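Inspection log for the structure reproduced underneath, given as C-alpha cells.
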Amino acid sequence: MKLTARSVSRAALVTALVAATGSAVVLTATTASAASTLGASAAQSGRYFGTAVAGGRLGDSTYVGILNREFNMVTAENEMKIDATEPQQGRFTYTNADRIVNHARGQGMRVRGHTLAWHSQQPAWMQSMSGSALRQAMLNHVTQVATYYRGKIYAWDVVNEAFADGSTGARRDSNLQRTGNDWIEAAFRAARAADPGAKLCYNDYNTDDWTHAKTQAVYRMVQDFKQRGVPIDCVGLQSHFNSQSPVPSNYQTTLQNFANLGVDVQITELDIEGSGTAQAQNYERVVKACLAVTRCTGITVWGIRDSDSWRSYGTPLLFDNNGNKKAAYTSVLNALNAAPTTSTTTTTTTTSSTTTTTSTTTTTTSTTTTTSTTQGPAGCSASVSALDQWSSGFVATIKVTAGSAAVNGWSASLALPPGVTIVNSWNSERSGSTGTVTFGNVAYNGGLPAGGSTEFGFQANGTAGALSLTCTSR
Ligand code: G3I
C-alpha cells in the first residue's frame, strides 16, 4: 500500500449541483461564519490560536476561564525550559510542566513545547559546562525531555534564540555555540529521533523584518538545513513588538519567504505594546499577514491578561488586567472571522431546488515507501505509521496491533532495502541493523489487549524505499 507521509496543501472545493426542478442557485464562495472565540475562529481556516500559560496561574479562575474559552494551543511560559526540567544534571522534573500539559490536553488543546536548547535559563550545572561534555549533556536533555513528552507535543521549539542581534548575522556567542557550529542541527536530529511525530521549529525574536541581518541569517540556516536534510519543520517568529521594534511593513514578506523554504511558519510569542485603536490595528496587521500565508499555521500570544505579561507595563495583550476583552481582541477576532474557510468538514445542504456541497480536497505527498503488513500466526499486525525521510536518512515509527485476542509479547521482522543501516531505535529490543532486522517488545509494551496497539521507532541512514514488515506474537 502507498504510505501517506504528510498533507501539504488544501484547497476548498465548492460545487453546486442543480436539482431536478431546474431553478439554479450557484454558490461560488465560502466565507467563515462568525465564531465567537479566538480558537474557534482560527480553526475555520485550519489554524490554531494559542497562549503562553504560567503554571502558577492555573488556580486563578478568571485566568483559567479565559484560557479554556478562547484558546486551542498552549505553550508553557517557563515550565519546560532547561532549568525547570533538569534542575540537577540527570534528574528530570516534570511536575509543573505536566500540570500545564495535562490541563491543556484535558481541554482538548494542543501543546507547543518550549524549549529544548537555549543559552538562557540554563540550570547552574549546565552554565558551568563546556566542550564535548556540554554537547553531550545538551543532547541528552533534548532526548530525555522530547522522549518523555513523545506523542503529546504538536511542535517543539528545539532551539531558541541562537542568533546575535545587530548587523553581523552571526550566531550568538554562548556556551552551546562554543561546542561547535553544528550544535543546532545535532539538537534537531536528537529531537527527531526522540519524537518523530512532533514538528521541529527554530524559534527567535527580531526576525520579523525581512531586511534585518538576523532574519537573513536565520533564513540561510533554514535553507541550508532543508538542502542538507537536517530535520526541521517550522520557523517560529516570536514577534514581540513595541515602539522600538514595531510591526514591520514587510512582515508578510518575511512569513512568506520562510514558508517558501518548505517549512511551516508559526507566530510563537506575540505581544504588541500600546493601547486602543493603534494597538488593535497592529494586531490586525499581524493576524492578516499570517492569514495571507498558507503555511502560517497558527498564532500564540505570550500571555492572557496584560497583568500576566512579562512586559505588563506595556499592556501588550488582548485582555485587560480584569480579564475584559480589549479593542485588540475584537480586531483579532474580526480578522480571523474574515478569513476564507478551509475547513475539513463536509456539509451538504439540500433545498427543494438545489443541492450544494461544500467540501475540502486534501492533496498529499506520498513517499516511495511501501509497506506490506502481514498478519502473524498468533495474531498481530505491524505497519509503518509515520515516516520522515530527509536526503541522507529517515525516521520511521512502526505500529504493532494485536488481532482479535490479547497478546503477551510480539516481535516485528523488518526487511530493509540494501544500503539502509539503522543507527538508533527506541521502545523495542532490536537485533541487527541491516538486512532483516527484528524488533521485540520491551517489558512495558509487550502486553496488548485485543485490538490494542503500541509503537516503536528507529532512525536509519539511507532511503526507506520499500519496507516490508511481518509481525508474530505470543
Ligand atoms: O518564580 C520566581 C519567583 O519565585 C521569584 O520571586 C522571582 C524573582 O525574580 O522570579 C520568578 O521567576 C521569574 C519567572 O519569569 C517567572 O515569573 C524569573 O525571575 C524570570 O526570569 C522569568 O522570566 C521569564 C523569561 O522568559 C526568562 O527568560 C518570563 O516569565 C517569560 O515570559 C520569558 O519568556 C521568553 C521566552 O521564553 C523566549 N522569548 C522571550 C520571552 C520573553 O522574555
Side-chain angles (χ1 to χ4, degrees), residues 47-53 73-85 97 110-122 138 141-142 145-146 149 153-165 169 171-172 174 176-177 183-192 195 198-210 212 214-226 230-241 245 251 254-255 257-259 261-271 286 290 293 295-303 310:
R47 294 177 173 84
Y48 65 82
F49 206 97
T51 183
V53 165
M73 184 73 76
V74 157
T75 306
E77 187 173 0
N78 289 297
E79 293 78 355
M80 283 191 182
K81 293 173 180 174
I82 313 172
D83 59 353
T85 50
R110 290 181 291 172
V111 179
R112 296 192 79 264
H114 175 80
T115 174
L116 293 170
W118 190 20
H119 69 276
S120 182
Q121 283 181 278
Q122 291 182 359
M138 179 274 287
H141 181 85
V142 171
V145 177
Y149 282 113
I153 302 295
Y154 164 71
W156 267 112
D157 291 333
V158 178
V159 171
N160 197 37
E161 302 175 1
F163 281 81
D165 294 311
R171 293 281 184 88
R172 175 192 297 276
S174 72
L176 291 169
Q177 181 61 31
W183 75 275
I184 298 179
E185 61 196 81
F188 273 83
R189 290 191 198 284
R192 176 71 93 221
D195 187 354
K199 288 180 183 286
L200 305 183
C201 302
Y202 175 78
N203 192 52
D204 215 328
Y205 66 91
N206 282 351
T207 48
D208 313 291
D209 188 319
W210 177 242
H212 281 180
K214 188 171 173 182
T215 311
Q216 293 290 315
V218 172
Y219 177 86
R220 283 194 298 273
M221 180 188 73
V222 176
Q223 185 178 47
D224 171 56
F225 280 12
K226 293 298 286 184
V230 176
I232 184 167
D233 307 304
C234 37
V235 172
L237 275 65
Q238 294 184 9
S239 302
H240 295 292
F241 295 119
S245 178
Y251 188 61
T254 305
L255 297 175
N257 285 344
F258 275 114
L261 290 175
V263 289
D264 289 349
V265 182
Q266 300 170 3
I267 298 172
T268 53
E269 304 182 14
L270 179 63
D271 47 23
V286 170
C290 179
V293 175
R295 289 196 74 160
C296 181
T297 56
I299 298 172
T300 294
V301 286
W302 204 240
W310 69 299

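These numbers were taken from a predicted model, which means no experiment stands behind them. This chain uses plain numbering: 1 for the first residue, then up along the sequence.
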Discussion item. Quick one, Gln177 with Arg172, criterion side-chain contact (heavy atoms from CB on, under 4.5 Å). Give me CA distance, side-chain angles, the key distance, then yes/no.
Written reply: CA-CA 7 Å; Gln177 181 61 31; Arg172 175 192 297 276; over 6 Å; no
Fill in: Thr215 vs Phe258, side-chain contact (heavy atoms from CB on, under 4.5 Å): CA-CA, chis, key distance, verdict
CA-CA 10 Å; Thr215 311; Phe258 275 114; 4.0 Å; yes
Item to complete: Show your working on side-chain contact (heavy atoms from CB on, under 4.5 Å) between Ile184 and Arg171 and close with a plain yes or no.
Response: CA-CA 11 Å; Ile184 298 179; Arg171 293 281 184 88; 3.5 Å; yes
Discussion item. As a quick check of understanding, evaluate side-chain contact (heavy atoms from CB on, under 4.5 Å) for Phe225 and Leu261, giving each step before the final call.
Written reply: CA-CA 10 Å; Phe225 280 12; Leu261 290 175; over 6 Å; no
Worksheet item: Yes or no on side-chain hydrogen bond (donor to acceptor under 3.5 Å, both in side chains) for Gln238 and Asn160, after CA distance, side-chain angles and deciding distance?
Response: CA-CA 10 Å; Gln238 294 184 9; Asn160 197 37; 3.2 Å; yes
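Using a 4.5 Å cut-off on side-chain heavy atoms (C-beta onward), Val159 and Thr115 make no contact. Under the 4.5 Å side-chain criterion, counting only non-hydrogen atoms from C-beta, Val263 is in contact with Lys226. Using a 4.5 Å heavy-atom cutoff, the side chains of Ile299 and Arg47 are not in contact. Phe241 is listed as a side-chain neighbour of Val286, based on a closest heavy-atom distance under 4.5 Å. Annotation: side chain of Leu237 is in contact with side chain of Thr254 (closest heavy-atom distance under 4.5 Å). Counting heavy atoms from C-beta on, the side chains of Asn206 and Asp204 never come closer than 4.5 Å. Gln266 is not listed as a side-chain neighbour of Cys296, based on a closest heavy-atom distance of 4.5 Å or more.
Taking the ring-ring contact (aromatic ring centres under 6.0 Å, His included) definition, one finds that Trp118 meets it with nothing, sequence neighbours left out. Evaluation of the side-chain contact (heavy atoms from CB on, under 4.5 Å) rule for Arg110 yields Tyr48, Met73, Tyr154 as partners, not counting sequence neighbours. Listed by chain and residue number, Lys81, Gln121 satisfy the side-chain contact (heavy atoms from CB on, under 4.5 Å) test with Asn78 (two or more places apart in sequence, or in another chain). Partners of Ala259 according to the side-chain contact (heavy atoms from CB on, under 4.5 Å) rule, which considers only residues two or more places apart in sequence or in another chain, are Gln256, Val265, Val293, Arg295. Taking the side-chain contact (heavy atoms from CB on, under 4.5 Å) definition, one finds that Thr85 meets it with Tyr94, His141, Val145, sequence neighbours left out. Shown here are the ring-ring contact (aromatic ring centres under 6.0 Å, His included) partners of Tyr205, two or more places apart in sequence or in another chain: there are none. Residues satisfying the salt bridge (Lys or Arg N to Asp or Glu O under 4.0 Å) test with Asp209, not counting sequence neighbours, are none. Partners of Phe49 according to the ring-ring contact (aromatic ring centres under 6.0 Å, His included) rule, which considers only residues two or more places apart in sequence or in another chain, do not exist here. Applying the salt bridge (Lys or Arg N to Asp or Glu O under 4.0 Å) rule to Asp208 yields no partners; only residues at least two apart in sequence or on another chain are considered. Asp224 is linked by a salt bridge (Lys or Arg N to Asp or Glu O under 4.0 Å) to Arg228, counting only residues two or more places apart in sequence or in another chain. Here Gln122 pairs with Asn175 under the side chain to side chain donor-acceptor pair (under 3.5 Å) rule; sequence neighbours left out. For Asp271, there are no salt bridge (Lys or Arg N to Asp or Glu O under 4.0 Å) partners, not counting sequence neighbours.
Residues Tyr202 and Glu161 come closest through the heavy atom pair OH-C, 3.8 Å. Minimum interatomic distance between Ser174 and His119 (heavy atoms only, all atoms of both residues): CB-CB, 3.6 Å. Minimum heavy-atom separation, His240 to Ser245: O-OG, 3.8 Å. Nearest heavy atoms, Glu79 versus Ala97: O-CB, 3.5 Å. Nearest approach of Cys201 to Phe188, heavy atoms of both residues: O-CZ, 3.4 Å. Considering every non-hydrogen atom in both Val142 and Ala187, the closest pair reads CG1-O, 3.7 Å.
The CG atom of Leu255 lies 5.5 Å from the CD1 atom of Ile267; values are rounded to the nearest 0.5 Å.
Within the 3.5 Å criterion, the main-chain N or O of Ile153 finds no donor-acceptor partner in the side chain of Arg112. The closest donor-acceptor contact from the side chain of Thr75 to the backbone of Glu77 lies at 3.5 Å or more, if one exists at all.
Residues His114 and Trp156 keep their aromatic ring centres 6.0 Å or farther apart. Ring centroids of Tyr251 and Trp210 are separated by 6.0 Å or more, keeping the two rings apart.
Considering Asp264, Asp157, Asp233 in turn, Asp264 is the only one that fulfils the salt bridge (Lys or Arg N to Asp or Glu O under 4.0 Å) rule with Lys199.
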